[in-house]
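It should be emphasised that the depicted structure is a prediction, and the values quoted were computed from it without experimental measurement. In the text below, chain A, chain B and the rest are named by the order of the sequence lines, each starting its count at 1.
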There are 2 protein chains.
Amino acid sequence: MTDIDIIEGNGEDETPVARVPRGTGRRLHGAVAHKLGTAILSGEYAPGDTLSGEVEFSKTLDVSRSAYREAVQVLTAKGLVESRPKIGTRVLPRSRWNLLDPDVLAWAFAGEPDITFVRGLFELRAIVEPAAAALAAERRERSDLKVMKDSLAAMRRLTLATEAGRAADREFHDAVLTATRNDALIVLSASIGAAVNWTTQFKQRGRALPRNPLPDHMLVYEAIAAGNANAASTAMRTLVDLALEDTKLAMAR
Amino acid sequence: MTDIDIIEGNGEDETPVARVPRGTGRRLHGAVAHKLGTAILSGEYAPGDTLSGEVEFSKTLDVSRSAYREAVQVLTAKGLVESRPKIGTRVLPRSRWNLLDPDVLAWAFAGEPDITFVRGLFELRAIVEPAAAALAAERRERSDLKVMKDSLAAMRRLTLATEAGRAADREFHDAVLTATRNDALIVLSASIGAAVNWTTQFKQRGRALPRNPLPDHMLVYEAIAAGNANAASTAMRTLVDLALEDTKLAMAR
DNA sequence: TCTCGACGAATAGTATGACAATTTATGGTA
DNA sequence: TACCATAAATTGTCATACTATTCGTCGAGA
């Protein structure tokens with residue numbers, strides 16, 4: 001899959017341009033936002049840099065000014081850039097970025113993700129997920145338990161080697177979150193979890209998992225089912241630590 | 001400051017429309033996004049609802065289609081809505097909203113904030129901030145401590161009754177976060193803290209704080225300075241619990 | 001000489017109208 | 001009945017003109 005298509009200038013036009021392609025169903029401004037977003041997250045544009053003017057840049061990308069502007073609006077909405085008349089569009093300091101935005105996370109992981117940032121995400125996950133498990137142990141309903149049980153069964157049957165198996169894994173974690181009845185917690189943990197899973201999946205192609213994660217999942221489930229908040233917290237903690245180990249291993253090589 | 005200006009139809013035009021005004025410096029599409037965002041967060045548009053078409057709606061708001069579309073892009077970027085040809089723009093299920101986005105939080109608190117949502121934010125804060133304090137105790141540098149000390153001094157001098165005093169309070173908490181050296185944690189905690197502070201500030205106009213928060217802040221500082229992670233965690237925990245008490249009190253009346 | 005204000009230029013912001021692309025619904029045909 | 005072509009509605013993209021905002025500069029006056 002190519003990211004950039006170079007097309008030739010036709011001799012009487014301007015400079016050759018880099019087209020922003022898109023798969024079917026993807027919008028043009030979305031593709032532009034993706035391109036700019038990854039460029040910023042990868043450090044290609046550093047905080048303080050000002051992008052070349054709208055007219056010029058849209059011409060370079062071979063898109064209309066409207067499409068380019070809509071893309072910039074997206075970046076602005078995520079705190080990556082700021083536009084002012086006479087000044088231009090400049091990249092904001094990293095502290096203003098919405099680093100927990102799902103798209104921003106995706107852009108961050110599109111290239112080589114910054115190690116310290118990944119470590120930070122794991123740290124956050126290690127804080128939030130055990131606490132979530134504890135809350136889930138206190139508040140879970142019968143239906144939550146059923147979903148967890150079913151997804152664990154699917155995990156056992158399919159293993160993490162298959163996509164369906166990984167889906168079951170995600171389903172289990174989602175069920176735990178849902179059981180907390182805390183929307184903010186759900187949203188946060190879901191995006192972090194997704195981002196973190198990308199790293200492992202990205203790095204471990206073709207490599208067998210170092211250890212069967214099912215028993216640990218079972219421990220979490222049983223603690224939640226028993227309503228034991230402390231046990232749920234510690235069990236989830238070991239689960240997160242295990243994932244961290246795997247990722248550390250994968251990123252080291 | 002008026003929020004809506006009603007202007008008369010001129011007799012041959014369409015129906016009278018509600019203009020979206022804006023203060024100087026604010027962009028039109030930003031104002032529209034704010035209006036739509038608060039409308040969605042307040043439940044005026046429920047998940048699943050489809051907004052009237054771009055042409056119609058932009059005419060109703062008396063803005064160009066471009067401005068309206070840019071506003072919708074912002075909402076899309078924050079996971080509030082989704083647009084598809086032939087279908088229209090519809091409000092996404094709440095689970096897709098980026099509830100931790102600063103703007104979304106602001107919109108949520110623009111009207112009467114949902115009690116359970118506020119409770120959830122406090123819960124999250126009670127999870128994250130003590131852990132952050134613990135990390136800060138382990139990683140703080142000399143400069144971090146200096147900033148904390150200075151802001152505490154400012155707090156004592158100015159008290160929380162003044163805006164400058166509250167700024168010093170925020171500065172202290174920011175310093176604690178900065179000391180964690182975890183970007184994701186910083187961003188998260190900062191937005192939650194901001195949102196949560198709005199509630200107290202919003203509700204407690206003219207009412208004296210029930211108790212002097214400075215001693216508890218000092219405890220946090222001392223624990224961090226001493227490098228005692230456990231003590232820092234528990235001290236921060238009591239600080240958060242105290243804030244929760246205040247807010248509960250304020251929202252009850 | 002310094003300060004303040006008016007003016008001008010550069011850039012993003014808004015408006016308008018036309019056309020393209022996408023997707024659902026409809027209806028017709030095998 | 002199932003499937004495929006076609007139509008219609010809506011968003012998506014484009015091009016262009018004009019407006020508003022902001023910074024820098026230049027000049028007048030203290």
| query | Within this structure, what is the CG-to-P distance between Leu28(B) and dG13(C), rounded to whole angstrom? | reply | 11 Å
| Within less than 4.0 Å of OP1 or OP2 of dT13(D), is there a side-chain N or O belonging to His29(A)? | yes
| Qualifying salt bridge (Lys or Arg N to Asp or Glu O under 4.0 Å) pairs, either residue in residues 179-198 of chain A, two or more places apart | Asp144(A)-Arg181(A), Asp183(A)-Arg94(B)
| request: Whole angstrom is fine here: how far is it from CG in Leu61(B) over to P in dA15(C)? | output: 11 Å
| request: Figure out the CD/P separation between Glu56(A) and dA12(C), and round it to whole Å. | output: 10 Å
| query | What integer distance in Å separates Arg84(B):CZ from dA21(C):C1'? | reply | 14 Å
| Does some side-chain heavy atom of Leu36(A) sit less than 4.5 Å from a side-chain heavy atom of Phe57(A)? | yes
| query | Can you find a pair of side-chain heavy atoms, one from Lys59(A) and one from Arg65(A), that are under 4.5 Å apart? | reply | no
| Between atom CZ in Arg27(A) and atom P in dA20(C), what is the gap in whole Å? | 18 Å
| request: Tell me which residues in residues 63-76 of chain A put a heavy atom below 4.0 Å from DNA chain D, sorted by number, or none. | output: Val63(A), Ser64(A), Arg65(A), Ser66(A), Ala67(A)
| query | Arg26(A) CZ to dT23(C) P: how many Å, rounded? | reply | 14 Å
| task | Please state how far atom NZ in Lys86(B) lies from atom P in dT23(C), giving the value in whole angstrom units. | result | 13 Å
| Given atom CD1 of Ile87(B) and atom P of dA8(D), what is their separation to the nearest angstrom? | 17 Å
| At their closest point, which heavy atom of Ser189(B) faces which heavy atom of Glu129(B), and how far apart are they? | OG-OE2, 3.4 Å
| field | Residue met sooner reading DNA chain D from 5', once Gly88(B) and Pro85(A) are mapped to nucleotides | value | Gly88(B)
| Do you know the tightest heavy-atom contact between Ile192(B) and Leu121(B)? | CG2-O, 4.0 Å
| query | With Val147(A), which residues qualify under side chain to side chain contact (heavy atoms under 4.5 Å, CB included), at least two apart? | reply | Glu171(A), Ala175(A)
